[in-house]
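Everything below concerns the one structure shown next.
Quantities reported herein were computed from a predicted structural model and do not represent experimental measurements.
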Amino acid sequence: MCLEDTVPRADLAGLREAEARVYDLLERELATYGLPGLLTRRVPIDPRIEEHPFFSQVYYTRTPQRPEGVGVAECYAGRHNLLVFVEGDGRAAGGVNLAFNAHIDVVAPFFPPRVEGDAVFGRGACDDKGNIVVLLGALQLLGEWLRRGGRLNRDLVGMIVIDEETGGNGSLSLALDRELRRRYDSLLVLECASGGIYPGNRGCVWFKIEGERPGVNLFEAACFIIEELEKEGRALRAESDHPLFPHRPVQTCHGIIGN
């Protein structure tokens, strides 16, 4: 797939084009599966996300020419999430309407893919292109099963979203859609989790620290910085008291030091 990772982050026109090419490819593939009642829809990003407490700043739009970046309306103009609907017949009792969520964006910088044996190596091959393929594979198998006389009792919704790596604005936009929310009872987020199923995780924290004071040993200063970040992590963990998260799966990740 030719995904967002091939486009400089501040090139919004290129980003829109790349995302559209991905959706073109996915829609063409889905159309071959013979799923009865299959419907795909490209949904614009809801600008109301900017008012939500879980909104993530679109920092990747900042450039030397525009250090403040661009606003939400300009950032997401002409950009979409892709929704996939497969309707069940609802003739039998039981079961729930299911939704599946996966994302097409990846982290920078881009490096070209390669294939070694039966493994694909490339930026985002696991996170989250592999799970896009998993979703398509499941729908393809479902189409084959239905053609052999199988029945789908409940509805399925596939959510293929953008901007997950930068904080989740694509999924946040869908979460604000009340009409869409009525179409599913359970949501499974497809992520790289070693094949495990987890009840959820709470948010993410990323940061960048720069030091310019002459004579300061930044390596030694990092010890104090990391301790402060550890304190923030402990505070997040302490306030994450919810029945859905009995094991309090909250952490801060300090990434790497230097280049």
Side-chain angles (χ1 to χ4, degrees), residues 1-7 9 14-35 38-45 60 76 78-86 97-145 152 155-175 177 180 183-184 186-198 200-201 204:
M1 290 185 186
C2 179
L3 298 180
E4 299 175 30
D5 50 16
T6 64
V7 181
R9 299 302 279 172
L15 199 54
R16 284 192 294 270
E17 180 183 353
E19 291 167 350
R21 290 202 306 270
V22 174
Y23 291 155
D24 288 342
L25 185 155
L26 295 177
E27 288 173 331
R28 288 198 303 269
E29 178 69 14
L30 286 164
T32 67
Y33 293 169
L35 286 162
L38 174 73
L39 174 67
T40 62
R41 189 170 77 219
R42 301 188 192 190
V43 182
I45 302 301
Y60 58 85
Y76 290 112
R79 300 174 62 195
H80 305 80
N81 293 316
L82 177 65
L83 295 179
V84 182
F85 300 102
V86 183
N97 299 315
L98 296 174
F100 301 88
N101 179 297
H103 62 91
I104 63 173
D105 63 301
V106 302
V107 299
F110 170 73
F111 58 86
R114 70 183 191 279
V115 178
E116 295 184 7
D118 59 358
V120 177
F121 296 85
R123 174 61 76 205
C126 178
D127 182 11
D128 202 30
K129 299 173 189 176
N131 287 305
I132 297 287
V133 174
V134 166
L135 176 57
L136 292 181
L139 291 174
Q140 183 180 35
L141 291 174
L142 176 62
E144 293 178 1
W145 182 69
L152 180 64
D155 297 342
L156 298 178
V157 177
M159 304 175 180
I160 301 175
V161 302
I162 62 173
D163 273 17
E164 190 276 345
E165 297 291 0
T166 57
N169 284 343
S171 291
L172 177 60
S173 177
L174 295 181
D177 187 337
L180 177 65
R183 298 183 68 110
Y184 61 93
S186 182
L187 171 64
L188 178 64
V189 178
L190 302 176
E191 270 284 358
C192 46
S194 300
I197 298 178
Y198 298 89
N201 203 340
C204 66

Legend entry - Considering all heavy atoms, the nearest Glu165-Asp105 contact: N-OD2, 2.8 Å
Legend entry - Minimum side-chain heavy-atom gap Asn101-Glu164 below 4.5 Å: no
Legend entry - Leu156 and Leu142, any side-chain heavy atoms less than 4.5 Å apart: yes
Inset, instruction - State, yes or no, whether a side-chain contact exists between Val22 and Glu19 at a heavy-atom distance under 4.5 Å. - result: no
Inset, instruction - Report yes if the side chains of Leu26 and Leu136 come closer than 4.5 Å at any heavy-atom pair, otherwise no. - result: yes
Legend entry - Contact check, side chains of Lys129 and Ile104, non-hydrogen atoms, under 4.5 Å: no
Legend entry - Distance-only polar pair, side chains of His103 and Asp127, donor-acceptor under 3.5 Å: yes
Inset, instruction - Supply the atom-to-atom distance Glu27 CD to Leu38 CG, rounded to the nearest 0.5 angstrom. - result: 9.5 Å
Legend entry - From CD1 (Ile160) to CZ (Arg42), nearest 0.5 Å: 10.5 Å
Legend entry - Gap separating the CE atom of Met159 from the CG atom of Leu190, nearest 0.5 angstrom: 11.0 Å
Inset, instruction - Evaluate the criterion side-chain contact (heavy atoms from CB on, under 4.5 Å) for residue pair Leu35 and Phe85; output intermediate values, then yes/no. - result: CA-CA 10 Å; Leu35 286 162; Phe85 300 102; over 6 Å; no
Legend entry - Minimum heavy-atom distance Val161-Ser171, with the two atoms named: CG2-OG, 3.6 Å
Legend entry - Asp155 backbone acceptor or donor facing Asn97 side chain under 3.5 Å: yes
Inset, instruction - Please answer whether the main-chain N or O of Ala102 pairs with a side-chain N or O of Asp128 as donor and acceptor at a distance below 3.5 Å. - result: no
Legend entry - Nearest heavy atoms of Arg123 and Pro109, plus distance in Å: NE-O, 2.8 Å
Legend entry - Distance-minimising heavy-atom pair for Glu191 and Asn131: C-ND2, 3.2 Å
Inset, instruction - Measure from the side-chain N and O atoms of Asn81 to the backbone N and O of Ile45, and report whether any donor-acceptor pair falls under 3.5 Å. - result: no
Inset, instruction - Could you tell me whether a side-chain N or O of Tyr23 sits under 3.5 Å from a main-chain N or O of His80, the two making a donor and an acceptor? - result: yes
Legend entry - Nearest heavy-atom neighbours spanning Tyr184 and Leu187: CE1-CB, 4.1 Å
Legend entry - Distance, nearest 0.5 Å, that separates OG of Ser186 from CZ of Phe100: 8.0 Å
Inset, instruction - Would you confirm whether Thr166, through its side chain, and Asp163, through its main-chain N or O, come within 3.5 Å as a donor-acceptor pair? - result: yes
Inset, instruction - List the atom of Arg79, the atom of Tyr60, and the distance in Å for their closest heavy-atom pair. - result: NH1-OH, 3.0 Å
